[in-house]
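As the structure is a computational prediction, the values presented were derived from the model and not from experiment. Numbers restart at 1 for each chain; the letters A, B, ... are given by sequence-line order, proteins then strands. Just so it is clear, the values below take in all heavy atoms, side chains as well, and ignore hydrogens, waters and symmetry mates.
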Protein chains: 2
Amino acid sequence: MTSTTRHCYDYPHPAVTTDVITFRVRADQLQVLLVRRANPPFQGRWALPGGFLDIDEDLEQCARRELAEETGIRVTHIEQLHTFGRPDRDPRERVISVAYLATVRQDDPAQPVAASDAAAVRWFPLDELPGLAFDHGQIIDKARQRLRDKLEYTSLVFQLTAETFTLGELQRLYEAIHGSPLDKRNFRKRMLGLGQIEETGHTRRNGKHRPAREYRIRHPQRVEYF
Amino acid sequence: MTSTTRHCYDYPHPAVTTDVITFRVRADQLQVLLVRRANPPFQGRWALPGGFLDIDEDLEQCARRELAEETGIRVTHIEQLHTFGRPDRDPRERVISVAYLATVRQDDPAQPVAASDAAAVRWFPLDELPGLAFDHGQIIDKARQRLRDKLEYTSLVFQLTAETFTLGELQRLYEAIHGSPLDKRNFRKRMLGLGQIEETGHTRRNGKHRPAREYRIRHPQRVEYF
DNA sequence: CCAAAAGTGTTCACCGTACACCCATGA
DNA sequence: TCATGGGTGTACGGTGAACACTTTTGG
């Protein structure tokens, strides 16, 4: 458990980890993926999936790898969120965590599978979070805020939708993320006006109601600024 | 130069540094503070001020400290920008750099003084940057983009102005940052309409022209979203 | 025919933009 | 009196917000 390491630079080296906040929307709820820690510290607590950076590994690759190892989940989109480094955030030694925000499509059938350091994996609705290990509560707060902000000025939503979707689904997705209801007519007018989506030509029948037109993203496009 | 270090976690530890992109506006130019490296690697090259994280030090504090040690500069505002960690970004060993974006007031009289690892310190206009060490060119690009973006939706500008300023000065500052000229009447209407600034009651005489009204920030306020 | 979601337009307030002239000062 | 930056208002177009009824389907 204790090791010695050679360094070129004559400074003590902190540990570096990545943690991943993975969002999806299911049942009109915004959810995050958490793992139950199999090992100390915080053994048995829920936490963000993540782990130590390999010495020749890119940061983003580390985030993807740790997520895959602990949960089996592969994400649609991933981006760096913020780096958390309070000296006391890990009780054992100094740990710097580079946090990533990731998304999974609404219709992704993949079931998370606990493995590696994870004793269990589960999607949690954001308003029913358990007590979390480390500073992971704060990290999730920051990620949620970022997600909400980016809804307004990027096309990040389309990383959370299914490949095709109805306007009703899209609206419920927006509403799930920033919590308040939207006006249907205004919402549709805006979405169609932005020219980001187009009809597939099909309709989707939803139970016993009027079938809805199906849409897709027009050009596979940037998630960043329009 | 080579050391051994004990770690609790059984993983090789990369080095962690902070680098600071410090902006100011002077002579209607947006400028960044650079240091000439006194030591290898990249000895003699210009680089961002920054250095290794002390083991019990907060990340932001490290950024401030390294900046002060190498240049003597104290900033008005500092915020985390992004973490850069390409495996090959430092030729000697793996180094993760947490970059910070900082600002200095336009009228700050402090002169930078080279010390510690810096052989020299200088403010460079952004369009006359020298060749830079490491990936510092990319880091500056990202910082510049962030600064430009935040001009639009935060009150970050007021971390770059003097304590008091005229509307002409403020407009030239905006123009220096995003590079294009603005309409005077529209600029003034917007600035006054936002209610973020107020007259001090004084006027400023500027050479042989009509004196300009002097303004200050109304409530010392958030730099983040309005 | 009933329940439930899909679909549809207009009005208004506000905001960003384009645009040109007079004012106060020092030399 | 002239050169220079300071200071001012109006008209137009686009966008976000409020707001209610008809259509289509399955049961």
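Listed by chain and number, the residues in a side-chain contact (heavy atoms from CB on, under 4.5 Å) with B:His202 are B:Thr200, B:Glu214 (sequence neighbours excluded). With sequence neighbours left out, B:Thr83 forms a side-chain hydrogen bond (donor to acceptor under 3.5 Å, both in side chains) with A:Thr83. The ring-ring contact (aromatic ring centres under 6.0 Å, His included) search around A:Trp123 returns none, not counting sequence neighbours.
Residues A:Arg65 and A:Thr18 bring no donor and acceptor atom of their side chains to less than 3.5 Å of each other. Neither side chain, A:Asp141 nor A:Gln145, offers a donor N or O lying under 3.5 Å from an acceptor on the other. With no hydrogens or angles considered, a side-chain donor-acceptor pair links A:Glu79 and A:His77 at under 3.5 Å.
B:Phe187 and B:Tyr174 have perpendicular rings, their planes meeting at more than 60° on a 0 to 90° scale where under 30° would count as parallel.
A donor-acceptor pair under 3.5 Å is absent between the side-chain atoms of B:Gln29 and the main chain of B:Leu126, judged by distance alone.
Bounding nucleotides for the chain B contact on DNA chain D, 5' to 3', at a heavy-atom distance below 4.0 Å, are D:dT4 to D:dT10. Scanning DNA chain C 5' to 3' for nucleotides with an atom closer than 4.0 angstrom to a non-hydrogen atom of chain B gives a first and last hit of C:dT17 to C:dG26.
If you find the closest nucleotide of DNA chain C to B:Asp183 and to B:Arg190, the one lying nearer the 5' end belongs to B:Arg190. Sequence order on DNA chain D of the closest nucleotides to B:Lys189 and B:Lys184 puts B:Lys184 first from the 5' end.
When the shell of 6.0 Å around CZ of B:Arg148 is examined, it contains more than 12 heavy atoms from other residues, nucleotides or ligands.
Cation-pi geometry between B:Arg122 and B:Phe124 is met: under 6.0 angstrom from the ring centre, within 45 degrees of the axis.
Contacts with DNA chain C (heavy atom under 4.0 Å) in residues 206-213 of chain A: A:His209, A:Arg210, A:Pro211, A:Ala212, A:Arg213, listed by number.
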